[in-house]
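Chain letters run A, B, ... following the sequence lines, proteins first, then strands; residues in each count from 1.
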2 protein chains.
Amino acid sequence: MSQIAAIDGRPLGRRAQQTRRRLLDATYDLLQSHGIRDVRVVEVARQVGTSPATFYQYFRDVDEAVLVLADEAAADVEPIAHLLDEPWNGKGGLDAARALVDGYFRFWDDHRAVMRVRNLAADEGDDRFRDVRNRTLGQVTDRIARSVADNQRAGRVSPDITPYSAAAAMVSMLERMASYHFDLEPRGVTRADLVETTARILHHTVTGRKP
Amino acid sequence: MSQIAAIDGRPLGRRAQQTRRRLLDATYDLLQSHGIRDVRVVEVARQVGTSPATFYQYFRDVDEAVLVLADEAAADVEPIAHLLDEPWNGKGGLDAARALVDGYFRFWDDHRAVMRVRNLAADEGDDRFRDVRNRTLGQVTDRIARSVADNQRAGRVSPDITPYSAAAAMVSMLERMASYHFDLEPRGVTRADLVETTARILHHTVTGRKP
DNA sequence: CCGGGAATCTCACGACCCGTCAGATTATTC
DNA sequence: GAATAATCTGACGGGTCGTGAGATTCCCGG
């Protein structure tokens, strides 16, 4: 993955690594304040106190910088995904579902601007972004699919459901809710309600149980 | 809504309306082939065989043209939303859910590129796009919320669920699944599976029944 | 502590798109 | 078919893009 090297392949010394990191951070900042379409290489450079030409030493374009940020973000999903490693039996199951939903919301709160670009680019067919998305979401999707399959074998989940499809549906729900809960909240729903309800839907879809 | 007028407010004659329509269609086409970030006003104009200055007579920028397209697309959701007007009892309920999911997928297949921009812009805080999204999704969300509330009163849906949150979760699931099913299909899930599974999750969340 | 080679940064440039006029072209009216 | 209104466009200043050649900074051996 993001092997630390300049665009021409040369490995980076200490100074260069610092510059690259500052460029990444500036990209992140500008992404949050302006939308992706208004992030200018010139301004990223300006913010770092360097010149555009420097930017192009490390990244082919703005997207490539965002790709690195998306790749870094993927790591933050790991602890969330591990909430699915234990079966969701009994009372603890619903708690785990709540923690997962809440964790997912937090993850998006931290990486919202980057995730948006990742999803846009992936949806528009950019394979680099598809890969990083698959790698990120896969951590959750695969585990949900496995749990659904387990519960299906135990007769709790309908055999007419496809485990992987259900997992994709749940991740879709999570992603979109996490992405847009702050558009809902001003309209009279609290975050707590959103988390609780989403967690219950998730819990039931995965386990087939009523808590 | 999209009152047909030029940027300076003057109403449009026949020729002007044609030009505007051709510009909208060209915008739609370019949106599909290139991503939003590569849609150049120059090229929209070129495709219509006119000059950039003409484009700016009708739209302040590319976004505004896409906004009109998103507004037009909203109408196509109406028949889908009406599938929620009858309560989802018995066997017909699951069929209605299937039709809704399938309809939603088709809707996205027709308007994918426009919907992507709508969601991006809305997520990035653009109020015009938020409005059109709320107007579009609201048709479905409000009806789902009402159904959930009905079934909740009848004791089939847990009182710990907030109807509006559940509706938002279901619409989120639908949107994202519709938006990215074609990224899943190459990975070994058929569209039929996705529709069936999504429909069952939707059906259960709305009605609280096992079909 | 200093010179020299490697690493890193920047200046300056041609190409292109943006958005806006004033003026040219086309349609409509009488 | 002439006058008037509606519509379109040429041309321009201002900005970003991405690049290569050259300037600057770093760092090591002596």
Side-chain angles (χ1 to χ4, degrees), chain A residues 2-27 29-31 33-68 117 121 124 126 128, chain B residues 2-27 29-31 33-68 117 121 124 126 128:
Chain A
S2 72
Q3 67 284 47
I4 314 287
I7 223 63
D8 57 15
R10 114 185 104 85
L12 300 186
R14 197 186 321 138
R15 186 168 45 141
Q17 288 197 28
Q18 274 178 19
T19 306
R20 195 183 99 112
R21 173 42 54 194
R22 268 190 272 132
L23 287 168
L24 283 172
D25 293 345
T27 303
D29 289 346
L30 288 175
L31 213 50
S33 42
H34 319 50
I36 175 65
R37 287 171 296 165
D38 296 317
V39 175
R40 308 256 162 269
V41 170
V42 200
E43 202 172 344
V44 175
R46 219 185 334 253
Q47 181 139 335
V48 171
T50 184
S51 85
T54 300
F55 182 95
Y56 289 106
Q57 292 230 325
Y58 301 105
F59 311 104
R60 240 173 279 280
D61 50 28
V62 171
D63 274 15
E64 201 170 283
V66 179
L67 184 65
V68 174
V117 179
E124 282 184 350
D126 187 315
R128 303 170 301 169
Chain B
S2 72
Q3 67 283 45
I4 315 287
I7 223 65
D8 57 14
R10 114 185 104 87
L12 299 187
R14 196 184 323 138
R15 185 166 49 139
Q17 288 196 30
Q18 274 179 17
T19 305
R20 195 183 100 113
R21 173 41 55 192
R22 267 189 273 130
L23 287 167
L24 284 171
D25 294 344
T27 303
D29 289 346
L30 288 175
L31 213 52
S33 42
H34 318 49
I36 175 64
R37 286 171 295 165
D38 297 317
V39 176
R40 309 258 163 265
V41 170
V42 200
E43 203 172 344
V44 175
R46 212 175 351 242
Q47 180 140 334
V48 171
T50 183
S51 85
T54 300
F55 182 96
Y56 289 105
Q57 293 228 327
Y58 301 105
F59 310 104
R60 240 174 280 279
D61 50 28
V62 171
D63 274 15
E64 202 171 284
V66 179
L67 184 65
V68 173
V117 180
E124 282 185 351
D126 186 316
R128 302 168 302 167

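- In this structure, the side chains of A/Val68 and A/Phe59 come closer than 4.5 Å at one or more pairs of heavy atoms.
- Computed from coordinates, the B/Gln17 CD to D/dA6 P distance equals 14 Å when rounded to whole Å.
- Put simply, CD1 on A/Ile36 and CG on A/Leu30 are 10.0 Å apart, with the number rounded to the nearest 0.5 Å.
- When each of C/dT26, D/dG18, C/dT8 is scored by its nearest atom to the side-chain atoms of A/Tyr56, the top-ranked nucleotide is D/dG18.
- Distance B/Phe55 CZ to C/dG19 P: 9 Å, rounded to the nearest Å.
- In this structure, B/Arg14 places its CZ atom 13 Å from C1' of C/dT26, rounding to the nearest Å.
- Straight-line distance from the CD atom of A/Gln57 to the C1' atom of D/dT19: 11 Å, rounded to whole Å.
- Remark on DNA chain C: of its neighbouring residues A/Leu12 and B/Val62, the 5'-side contact belongs to A/Leu12, judged by nearest-heavy-atom nucleotide.
- Phosphate contact (OP1/OP2 of C/dT8, side-chain N/O of A/Tyr58, threshold under 4.0 Å): absent.
- The separation between B/Asp8 atom CG and D/dT7 atom P is 10 Å, rounded to whole Å.
- Looking at A/Arg40 and A/Arg46, their side chains never come closer than 4.5 Å, going by heavy atoms from C-beta outward.
- Looking at A/Glu43 and A/Val39, their side chains never come closer than 4.5 Å, going by heavy atoms from C-beta outward.
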Anything under 3.5 Å between a donor and an acceptor, one on a side chain of residues 50-58 of chain A, the other on a protein residue two or more places apart or in another chain? List them.
| from | atom 1 | to | atom 2 | distance (Å) |
| --- | --- | --- | --- | --- |
| A/Thr50 | OG1 | A/Thr54 | OG1 | 3.0 |
| A/Ser51 | OG | A/Ala53 | N | 3.4 |
| A/Gln57 | OE1 | A/Arg10 | NH2 | 3.0 |

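- What separates CZ of B/Arg15 from P of C/dT29 is a distance of 13 Å, to the nearest Å.
- You'll find the side chain of B/Asp61 stays beyond 4.5 Å of the side chain of B/Val41, heavy atoms only.
- Using a 4.0 Å cut-off on heavy atoms, the residues of residues 38-54 of chain B that approach DNA chain D are B/Thr50, B/Ser51, B/Ala53, B/Thr54, listed by number.
- Going from atom CD of B/Glu64 over to atom C1' of C/dC18 covers 16 Å, rounded to whole Å.
- Residue B/Arg37 holds its CZ atom at 11.5 Å from CG of A/Asp38, rounded to the nearest 0.5 Å.
- One atom, CG of B/Asp61, and another, P of C/dC17, lie 17 Å apart when rounded to the nearest Å.
- Note on A/Thr19: a side-chain N or O is less than 4.0 Å away from OP1 or OP2 of C/dC9.
- Taking side-chain N and O atoms only, B/Arg10 has no distance below 4.0 Å to OP1 or OP2 of D/dA5.
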